[in-house]
Number of protein chains: 2
Amino acid sequence: MPMTQTSEAIRDAIRDAIIDRRLTPGTKLSEADVGKLFHVSRTLARAALQALSYEGLVTVEKNRGAFVAQPSPEEARQLFAARRLLEPVILSEAASKLEEAHSHHLKALLQEEGRLRNEHGQIARRAEIKASGDLHLALAQIAGNAVLTRFMEELVARSSLVIAVYGQSAISSCGHSEHHDIVEALEKRDLAQATALMLHHIDHIEADLDLTPKSGSNLRDVFGG
Amino acid sequence: MPMTQTSEAIRDAIRDAIIDRRLTPGTKLSEADVGKLFHVSRTLARAALQALSYEGLVTVEKNRGAFVAQPSPEEARQLFAARRLLEPVILSEAASKLEEAHSHHLKALLQEEGRLRNEHGQIARRAEIKASGDLHLALAQIAGNAVLTRFMEELVARSSLVIAVYGQSAISSCGHSEHHDIVEALEKRDLAQATALMLHHIDHIEADLDLTPKSGSNLRDVFGG
DNA sequence: CCAAACCAGATTGTATACGATTTGAGCAGG
DNA sequence: CCTGCTCAAATCGTATACAATCTGGTTTGG
């Protein structure tokens with residue numbers, strides 16, 4: 001299907017597939033297979049996989065190959081801890097720079113998210129997962145710091161992976177209304193309220209996770225052989 | 001000189017050289033040259049350069065090659081803005097987790113920094129630059145979040161690049177006493193004071209920068225050709 | 001029958017080959 | 001003398017080749 005050629009395009013395509021869970025954690029990503037799929041040589045496939053490993057979405061084991069990452073419970077905890085620390089900061093920056101155009105954009109994202117929520121089927125579910133992350137990224141963009149935005153992109157992407165591994169409820173994009181309330185508080189310039197709601201929101205997402213080590217997991221993953 | 005073989009080792013060696021300014025911004029890093037220098041093929045040299053570009057230390061221009069990054073004034077501003085937002089958070093986390101062993105480590109770093117300050121010669125200056133960054137990194141490690149630590153590593157490394165381009169005073173590792181005071185406040189569990197000192201410290205570093213666009217800059221860099 | 005060595009297939013690690021693009025020098029025309 | 005073209009050297013982009021490593025099944029000795 002893909003007519004892509006550059007390693008960046010391949011990286012983006014695989015990243016999207018990981019984020020909306022068409023590729024599940026632990027899946028082997030052989031260089032030859034990726035190359036064939038995108039009609040390029042192993043060289044470019046390898047470059048794309050290496051890029052994804054820098055983003056923490058893929059783990060490469062020497063002489064064994066690349067796999068969609070399976071974050072450990074500890075990694076998951078640290079990831080959400082980082083989000084709890086970073087997102088309030090981003091919210092604060094975003095609040096101080098919020099303008100009319102930003103509000104429109106946020107409202108449009110919320111509306112799209114709500115629309116997807118009422119649709120059925122896996123395609124809609126995947127789009128909803130992505131839309132949910134996009135709202136957090138939109139806030140980072142409003143904050144207007146390219147460095148922070150990149151950090152949030154990594155956090156959101158890896159969070160999707162964590163939810164794929166440890167999420168319990170079928171769809172844990174969780175409170176759409178929570179997103180709505182956060183944006184509402186932000187527009188009212190009520191930073192304290194927005195921050196409180198954001199932390200609550202992250203708590204909710206993490207509460208849906210079961211971070212007790214899975215019993216049926218791969219022995220190699222357990223012992224890191 | 002280097003007997004390294006893996007692309008990771010090459011990446012680390014080049015990163016160190018960039019951070020302590022043996023490699024200055026704008027320097028061309030040709031794949032063939034890097035490969036020859038480390039006795040590997042272009043394949044591994046290229047992988048190392050690509051890794052560094054993900055860290056923001058190297059920019060690769062299509063069909064032209066890799067160069068030590070020259071952050072723009074705007075990038076520099078955003079970088080320090082991000083530090084002003086992140087470091088207080090890290091300080092707060094570090095304060096809540098500070099133990100005896102951590103204090104010893106911090107004191108040792110301060111002492112080493114002071115020792116280097118009293119030495120002369122370029123080698124000592126470079127070591128001092130690195131030591132200065134190491135203190136900020138040590139604080140991140142005490143905070144105990146691997147994600148935040150990685151973010152700080154990137155920020156500190158890129159900051160060194162910014163100082164190399166825009167720093168005015170010969171040696172802008174700046175207040176050694178400032179580092180000392182921050183650690184002191186931290187050990188007294190005076191988070192407010194430690195945070196204030198940290199922000200002050202970052203202000204001082206940034207105050208030493210001249211972020212007005214350089215006149216003699218490369219036309220290609222100006223217009224991004 | 002079981003355990004350990006072994007071999008074949010598959011996959012990654014690294015180097016090299018070759019085409020494509022850029023760049024700067026030299027030359028021809030104005 | 002200046003402008004613009006041509007071309008060769010250098011460098012990057014990508015594919016391919018071959019060596020090293022891992023894996024799983026088979027054989028062999030007990």
Side-chain angles (χ1 to χ4, degrees), chain A residues 2-14 18 23 25-70 217-225, chain B residues 2-14 18 23 25-70 217-225:
Chain A
M3 316 199 41
T4 45
Q5 271 130 339
T6 75
S7 77
E8 285 82 18
I10 296 171
R11 156 172 64 71
D12 292 347
I14 296 177
I18 291 176
L23 284 172
T27 303
K28 168 116 204 233
L29 300 172
S30 114
E31 295 175 358
D33 289 351
V34 171
K36 273 205 183 61
L37 196 59
F38 290 90
H39 306 103
V40 295
S41 75
R42 275 180 54 212
T43 306
L44 294 190
R46 189 182 176 87
L49 292 172
Q50 192 169 345
L52 289 167
S53 93
Y54 290 123
E55 300 179 20
L57 296 181
V58 158
T59 61
V60 302
E61 299 180 26
K62 189 171 171 73
N63 277 317
R64 290 210 352 111
F67 305 82
V68 179
Q70 287 185 303
S217 58
N218 193 327
L219 279 186
R220 187 191 298 272
D221 300 329
V222 172
F223 297 107
Chain B
M3 316 197 42
T4 45
Q5 269 129 338
T6 75
S7 77
E8 285 81 18
I10 298 171
R11 155 172 64 72
D12 292 346
I14 296 178
I18 291 176
L23 283 172
T27 303
K28 168 119 205 229
L29 301 172
S30 116
E31 295 176 358
D33 289 351
V34 172
K36 273 206 182 62
L37 196 59
F38 290 91
H39 306 103
V40 296
S41 74
R42 275 180 55 213
T43 306
L44 294 189
R46 189 182 175 85
L49 293 172
Q50 192 169 344
L52 290 167
S53 92
Y54 290 124
E55 300 179 21
L57 295 181
V58 157
T59 61
V60 301
E61 298 181 26
K62 189 172 171 72
N63 277 316
R64 288 205 0 106
F67 304 83
V68 179
Q70 287 185 302
S217 59
N218 193 328
L219 279 186
R220 186 191 300 273
D221 300 328
V222 173
F223 297 107

Kindly write out the residues that satisfy side-chain contact (heavy atoms from CB on, under 4.5 Å) with B:Lys28, not counting sequence neighbours, or none if the list is empty.
B:Ser30, B:Phe67
If an axis is fit to five pairs at each end of the helix from C:dC1-D:dG30 to C:dG30-D:dC1, what is the angle between the two, to the nearest 10°?
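Answer rounded to 10°: the end axes differ by 20°.
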Could you report the tightest heavy-atom contact between B:Ala69 and B:Pro25, atom names first, then the distance?
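Shortest heavy-atom contact: O-CB, 3.3 Å.
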Of the non-hydrogen atoms in B:Val40 and B:Ala45, which two are nearest, and what is the gap between them?
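It is CG2-N, 4.3 Å.
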For residues B:Ile10 and B:Thr6, determine if any side-chain heavy atom of one lies less than 4.5 Å from a side-chain heavy atom of the other.
no
Report yes if some heavy atom in the side chain of B:Val68 is under 4.5 Å from a heavy atom in the side chain of B:Leu29; otherwise report no.
yes
Between the protein and nucleotides 13-17 of chain D, which nitrogen or oxygen pairs come in under 3.5 angstrom?
residue: D:dG13; atom: OP1; partner: B:Asn63; partner atom: N; Å: 3.4
residue: D:dG13; atom: OP2; partner: B:Arg46; partner atom: NH1; Å: 2.4
residue: D:dG13; atom: OP2; partner: B:Arg46; partner atom: NH2; Å: 2.8
residue: D:dG13; atom: N7; partner: B:Arg42; partner atom: NH2; Å: 2.9
residue: D:dG13; atom: O6; partner: B:Arg42; partner atom: NH1; Å: 3.0
residue: D:dA15; atom: OP2; partner: A:Ser41; partner atom: N; Å: 2.9
residue: D:dA15; atom: OP2; partner: A:Ser41; partner atom: OG; Å: 2.7
residue: D:dA15; atom: N7; partner: A:Thr43; partner atom: OG1; Å: 2.8
residue: D:dT16; atom: O4; partner: A:Thr43; partner atom: OG1; Å: 3.4

How many angstroms lie between atom CZ of B:Arg11 and atom CG of B:Leu44, to the nearest 0.5 angstrom?
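The CG atom of B:Leu44 is 12.5 Å from CZ of B:Arg11, to the nearest 0.5 Å.
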Could you tell me the separation between the CZ atom of A:Arg42 and the CG atom of A:Asp33, rounded to the nearest 0.5 Å?
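Atom-to-atom, A:Arg42:CZ and A:Asp33:CG are 11.5 Å apart.
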Expected list for residues 46-58 of chain A: side-chain donor-acceptor pairs under 3.5 angstrom, two or more places apart:
residue: A:Arg46; atom: NH1; partner: A:Glu31; partner atom: OE2; Å: 2.5
residue: A:Gln50; atom: NE2; partner: A:Tyr54; partner atom: OH; Å: 3.1
residue: A:Ser53; atom: OG; partner: A:Gln50; partner atom: O; Å: 2.9
residue: A:Glu55; atom: OE1; partner: A:Arg15; partner atom: NH1; Å: 2.7
residue: A:Glu55; atom: OE2; partner: A:Arg15; partner atom: NH1; Å: 2.7

In whole angstroms, how far is the C1' atom of C:dG13 from the CG atom of A:Leu49?
14 Å
